[in-house]
> 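Supplied in structure tokens, the structure appears directly below.
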Amino acid sequence: MKKIKIMSVFGTRPEAIKMAPLVKTLAAREGFESLCCLTGQHREMLDSVMEIFRLRADFDLNIMQKQQTLSSITTRALLGMETVLEEAQPDLVLVHGDTSTTFAGALAAFYHKIPVGHVEAGLRTYDKYSPFPEEMNRTLVGDIAALHFSPTPANAENLRREAVRGEIFVTGNTVIDAMQTTVRQDFRFAAQELNALDFENKRVIVLTCHRRENYGQPMHDILRAVRHVVETHPDVEVVYPVHLSPIVRACAQEELGDVARVHLIDPVDVEQMHNLMARCCFVMTDSGGLQEEAPALGKPVLVLRRETERPEAVAAGTVKLAGVAYDEIVRLANALLEQPALYRQMAQAVNPYGDGRACTRIADAIAWHFGLRDEKPADFKAI
């Protein structure tokens with residue numbers, strides 16, 4: 001019997017982290033042929049993920065350029081995908097999330113009349129400019145996709161309200177699957193500065209702040225708040241892997257460069273980030289992925305944004321929306337540091353994002369769609 005040819009398309013580090021375990025799960029299925037196409041929207045950080053998960057790209061568009069724009073990323077990916085799809089002729093194209101690669105990959109497949117499966121489907125803020133351009137990317141892909149793999153029931157309900165075409169499956173988030181590979185008790189960091197941290201006697205906060213909508217005054221206010229928290233708590237240290245964006249780096253250096261117990265380091269790979277979070281006290285972030293990853297490790301999260309497309313963890317109690325205002329960020333960080341009962345409540349909340357079997361559910365759903373399985377897989381439900 002002819003195998004179902006499935007092409008997974010991704011181009012950034014967050015996509016790669018979440019798609020890597022799925023690519024491997026599909027490759028292990030007897031009825032599937034699993035192909036991997038990288039756009040290279042990000043390069044160095046993407047390559048490190050491929051190495052960690054021991055994956056090899058079947059196609060690599062290598063589109064990254066200096067000072068690339070959203071338009072250049074999208075057009076280069078779209079044109080590159082045209083050649084790849086004509087050569088490979090997959091039966092299904094999988095894209096992930098909400099990047100420019102996601103949109104371009106889905107659009108290219110649509111132009112070739114190839115069905116699209118959208119992994120991490122249905123996340124919404126309903127503000128098309130926040131996050132930008134992610135909110136519009138994932139909304140447009142939702143209109144293209146034939147198979148929608150939603151991490152949570154709330155994500156699936158968003159799609160049903162929008163009356164999207166195609167089949168909707170609730171699978172959990174594949175990043176929880178990925179963390180089963182990356183987090184280890186005996187892990188040693190590549191940077192000696194991280195190995196030297198006293199995780200036993202110091203309260204280490206992991207910080208990330210890089211989103212476009214936080215550029216300018218919001219980012220300055222966020223980092224000033226972090227500075228205040230460190231300076232008023234002698235046992236607190238902050239590890240901030242600083243994004244490569246010159247705007248972010250300049251702001252980080254200006255606000256935190258001279259603060260004792262703040263470690264401004266280069267971006268770290270997925271293994272180091274997951275193991276750093278596993279050992280930290282709590283996380284402050286404007287990232288989407290860390291809102292899902294930290295709860296799986298029992299770590300409270302303060303989200304440094306005005307809104308989140310991941311409200312499930314807010315409802316579960318493991319995440320609080322801190323916004324971008326100095327006073328509120330300081331208030332919530334102080335509460336976590338000074339109120340042990342609140343900390344325990346957030347740390348022990350149920351993770352709503354998965355049980356480590358999302359990739360299996362997605363593979364089962366694809367098999368069901370193509371007639372290789374009699375029963376539709378059961379939806380994921382948080383305990």
Side-chain angles (χ1 to χ4, degrees), residues 12 14-15 18 41 69-71 73-74 95-107 118-145 148-165 168 170 173 175 208-223 225 243 245 247-248 251 283-295 301-329 332 352-353:
T12 68
E15 291 172 281
K18 294 181 176 184
Q41 179 178 335
T69 65
L70 295 175
S71 297
I73 293 168
T74 304
V95 295
H96 181 279
D98 50 26
T99 70
S100 297
T101 285
T102 307
F103 173 56
L107 187 60
H118 189 194
V119 180
E120 200 175 89
L123 280 68
R124 297 288 186 271
T125 64
Y126 296 105
D127 177 349
K128 67 180 179 181
Y129 292 114
S130 181
F132 175 81
E134 288 87 354
E135 177 72 6
M136 191 50 64
N137 284 340
R138 59 191 171 216
T139 302
L140 293 168
V141 174
D143 284 334
I144 293 173
H148 308 267
F149 304 113
S150 294
T152 71
N155 302 148
E157 189 55 36
N158 289 341
L159 296 174
R160 293 188 185 102
R161 280 198 304 269
E162 295 167 18
V164 299
R165 291 173 286 269
I168 299 171
V170 180
N173 199 301
V175 75
T208 73
C209 185
H210 67 272
R211 281 196 177 274
R212 282 188 181 89
E213 60 264 33
N214 280 341
Y215 283 7
Q217 194 60 47
M219 189 169 291
H220 282 276
D221 289 344
I222 289 167
L223 299 187
H243 196 276
S245 161
I247 294 172
V248 176
C251 186
V283 175
M284 302 175 70
T285 185
D286 63 0
S287 163
L290 267 60
Q291 295 177 51
E292 301 154 347
E293 296 163 9
V301 182
L302 298 183
V303 177
L304 306 171
R305 290 170 57 188
R306 295 182 179 91
E307 72 287 297
T308 178
E309 58 280 87
R310 294 168 170 86
E312 297 87 356
V314 176
T318 191
V319 164
K320 287 189 180 295
L321 198 60
V324 297
Y326 172 92
D327 289 342
E328 182 67 0
I329 294 169
L332 289 174
Y353 292 121

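Just so you know, these numbers use all the heavy atoms, side chains as well, and skip hydrogens, waters and symmetry mates.
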> NE2 of H243 to OG of S287: how many Å apart, nearest 0.5 Å?
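The OG atom of S287 is 10.0 Å from NE2 of H243, to the nearest 0.5 Å.
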
> Heavy atoms only: give me the nearest G288-R211 pair and the separation to one decimal.
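The answer is N-NH2, 3.5 Å.
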
> Mind checking what makes side-chain contact (heavy atoms from CB on, under 4.5 Å) contact with P218, not counting sequence neighbours?
N214, R306, V324

> Hydrogens and angles aside, do T74 and S71 bring a side-chain donor and acceptor to less than 3.5 Å of each other?
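Side chains of T74 and S71: no pair found under 3.5 Å.
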
> Is a side-chain N or O of N158 found less than 3.5 angstrom from the main chain of G122, in a donor-acceptor match?
yes

> What are the two closest heavy atoms between K128 and F132, and how far apart are they?
O-CD1, 4.3 Å

> Could you go through the side chain to side chain contact (heavy atoms under 4.5 Å, CB included) check for L159 and R124 one step at a time?
CA-CA 9 Å; L159 296 174; R124 297 288 186 271; 3.7 Å; yes

> Hey, which of T152, N173, T318 is the one that makes side-chain hydrogen bond (donor to acceptor under 3.5 Å, both in side chains) with E312?
T152

> Could you go through the side chain to side chain contact (heavy atoms under 4.5 Å, CB included) check for T308 and V314 one step at a time?
CA-CA 9 Å; T308 178; V314 176; 4.2 Å; yes

> Any luck finding a side-chain donor-acceptor pair between E307 and S130 under 3.5 Å?
yes

> Mind checking the OG1-CG spacing from T99 to L70? Nearest 0.5 Å is all I need.
10.5 Å

> Just verifying a value: how many Å separate L332 CG and D327 CG, rounded to the nearest 0.5 Å?
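Interatomic distance, L332 CG to D327 CG, rounded to 0.5 Å: 11.0 Å.
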
> Determine whether more than 12 heavy atoms belonging to other residues, nucleotides or ligands lie under 6.0 Å from atom OH of Y129.
no

> Side chain of S150, backbone of A121: donor and acceptor closer than 3.5 Å?
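Here the side-chain-to-backbone pair exists.
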
> Any chance you could measure I247, atom CD1, to H210, atom NE2, to the nearest 0.5 Å?
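Output value for this atom pair is 13.0 Å.
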
> Does D221 use its side chain to pair, donor to acceptor, with the backbone of A325 at less than 3.5 Å?
no

> Where is the tightest heavy-atom contact between A106 and I144, given as atom of each residue plus distance?
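The pair with the smallest heavy-atom distance is O-CG2, 3.7 Å.
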
> Working to the nearest 0.5 Å, report the span between CG of L304 and CD1 of I222.
5.0 Å

> Closest heavy-atom contact between Y126 and E162?
OH-OE2, 3.2 Å

> Can you list everything that forms a side chain to side chain donor-acceptor pair (under 3.5 Å) with E135? Sequence neighbours excluded, please.
T125, R138

> Do the side chains of P133 and R212 get nearer than 4.5 Å, heavy atoms only?
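SC-SC contact between R212 and P133 confirmed.
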
> Over all heavy atoms of both residues, which pair between I329 and A322 is shortest? Give the atoms and the distance, please.
CG1-O, 4.0 Å

> Say you draw a straight line from CD of Q291 to CG of L302; how long is it, rounded to the nearest 0.5 Å?
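Q291 atom CD to L302 atom CG measures 11.0 Å (nearest 0.5 Å).
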
> What do the steps show when you test M219 against C209 for side chain to side chain contact (heavy atoms under 4.5 Å, CB included), and what is the final call?
CA-CA 7 Å; M219 189 169 291; C209 185; 3.9 Å; yes

> Please check if any side-chain donor atom of Q41 sits under 3.5 Å from a side-chain acceptor atom of S100, or the reverse.
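The answer is no; no qualifying pair exists.
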
> Mind checking side-chain contact (heavy atoms from CB on, under 4.5 Å) for A145 and listing every partner two or more places apart, or none if nothing turns up?
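Expected list: V116, H118, H148.
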
> Can a salt bridge be assigned to the pair R310 and E120 using a cut-off of 4.0 Å between side-chain N and carboxylate O?
yes

> Between K18 and V119, does the side chain to side chain contact (heavy atoms under 4.5 Å, CB included) criterion hold? Intermediate values first, please.
CA-CA 9 Å; K18 294 181 176 184; V119 180; over 6 Å; no

> Flag the pair P131 / R305 as yes when at least one side-chain heavy-atom distance between them is below 4.5 Å, and no otherwise.
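Answer yes - side chains close enough.
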
> Which pair of non-hydrogen atoms, one from V141 and one from F103, has the smallest distance, and what is that distance?
CG2-CA, 3.8 Å

> Would you say R160 has more than 12 foreign heavy atoms packed within less than 6.0 Å of its CZ?
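Yes, CZ of R160 has more than 12 neighbouring heavy atoms, counting only those of other groups under 6.0 Å.
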
